[in-house]
Amino acid sequence: MFIRGIRGATTVIENNKEEILKETSELLEEIFAQNKLILADIASIFFSVTSDIDQAFPALAARNLGLTDTALLCFNEISVPNSIKKCIRVLIHVNTEKTQSQMKHIY
């Protein structure tokens, strides 16, 4: 068994808790579905947000989806000129027999 990484990203229209959790949940659910993930196989998820998102931790969406025993981390990204605004990114580490090329990244 190997640990593989799956990337994903989404944006929010408004910097508020409801929007952040809604968009993060939709992103995670799509990644889980496209990759046919079993929640128990997820080792950890790293979340990063642009500096204009500060009203909620995206990791709360993962907890609400049932990832209660999974290591979750949230980070603020550095502010880069002309970068995407109000963006939430994820890196999911999953225990799997699949190859890295079989992982489906969702943006």
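All values reported here derive from a predicted model rather than from experimental measurement. Numbers for residues simply follow the sequence, beginning at 1.
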Return the minimal non-hydrogen interatomic distance between [X] and [Y], and the atom names on each side.
X: Thr11; Y: Glu23; value: O-CG, 3.7 Å
X: Thr50; Y: Lys85; value: OG1-C, 4.1 Å
X: Leu67; Y: Leu72; value: O-CD1, 4.3 Å
X: Asn15; Y: Ile53; value: OD1-CA, 3.5 Å
X: Ala56; Y: Ile20; value: N-CD1, 3.8 Å

State plainly whether one hydrophobic cluster holds both Ile45 and Ile88, where clusters connect Ile, Leu, Val, Met, Phe, Trp and Tyr through side-chain heavy atoms under 4.5 angstrom apart.
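No.
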Measure the [atom1]-[atom2] distance between [X] and [Y] for me, rounded to the nearest 0.5 Å.
X: Asn95; Y: Leu37; atom1: CG; atom2: CG; value: 10.5 Å
X: Glu29; Y: Ile31; atom1: CD; atom2: CD1; value: 11.0 Å
X: His105; Y: Gln100; atom1: NE2; atom2: CD; value: 5.5 Å
X: Ser51; Y: Ile78; atom1: OG; atom2: CD1; value: 10.0 Å

Pick from Ile92, Val94, Ile38, Ile6: which one makes a side-chain contact (heavy atoms from CB on, under 4.5 Å) with Phe32?
Ile92
Test Val90 against Arg7 for side chain to side chain contact (heavy atoms under 4.5 Å, CB included), laying out the working first.
CA-CA 6 Å; Val90 299; Arg7 299 180 313 274; over 6 Å; no
Counting N and O atoms only, with roles assigned by atom type, does the side chain of [X] sit under 3.5 Å from a partner on the main chain of [Y], one being a donor and the other an acceptor?
X: Asp52; Y: Lys86; answer: yes
X: Lys98; Y: Asn35; answer: yes
X: Glu19; Y: Ile13; answer: yes

Under the side chain to side chain contact (heavy atoms under 4.5 Å, CB included) criterion, do Thr10 and Val12 qualify, and how do the steps go?
CA-CA 7 Å; Thr10 189; Val12 295; 5.5 Å; no
Considering only heavy atoms from C-beta outward, does the side chain of [X] approach that of [Y] to under 4.5 Å?
X: Phe47; Y: Leu60; answer: no
X: Pro58; Y: Val49; answer: yes
X: Met103; Y: Thr96; answer: yes
X: Ile106; Y: Gln34; answer: yes

Take atom [atom1] in [X]; do more than 12 heavy atoms of anything else shown fall under 6.0 Å from it?
X: Phe2; atom1: CZ; value: no
X: Leu39; atom1: CG; value: yes
X: Gln55; atom1: CD; value: yes
X: Ile84; atom1: CD1; value: no
X: Lys17; atom1: NZ; value: no
X: Phe57; atom1: CZ; value: no

NZ/NE/NH1/NH2 to OD/OE distance under 4.0 Å, Glu77 and Arg89:
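Looking at Arg89 together with Glu77, the answer is yes, because their closest N to O distance falls below 4.0 Å.
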Pair His93, Arg4 - check side chain to side chain contact (heavy atoms under 4.5 Å, CB included), show working.
CA-CA 6 Å; His93 298 105; Arg4 303 293 186 197; over 6 Å; no
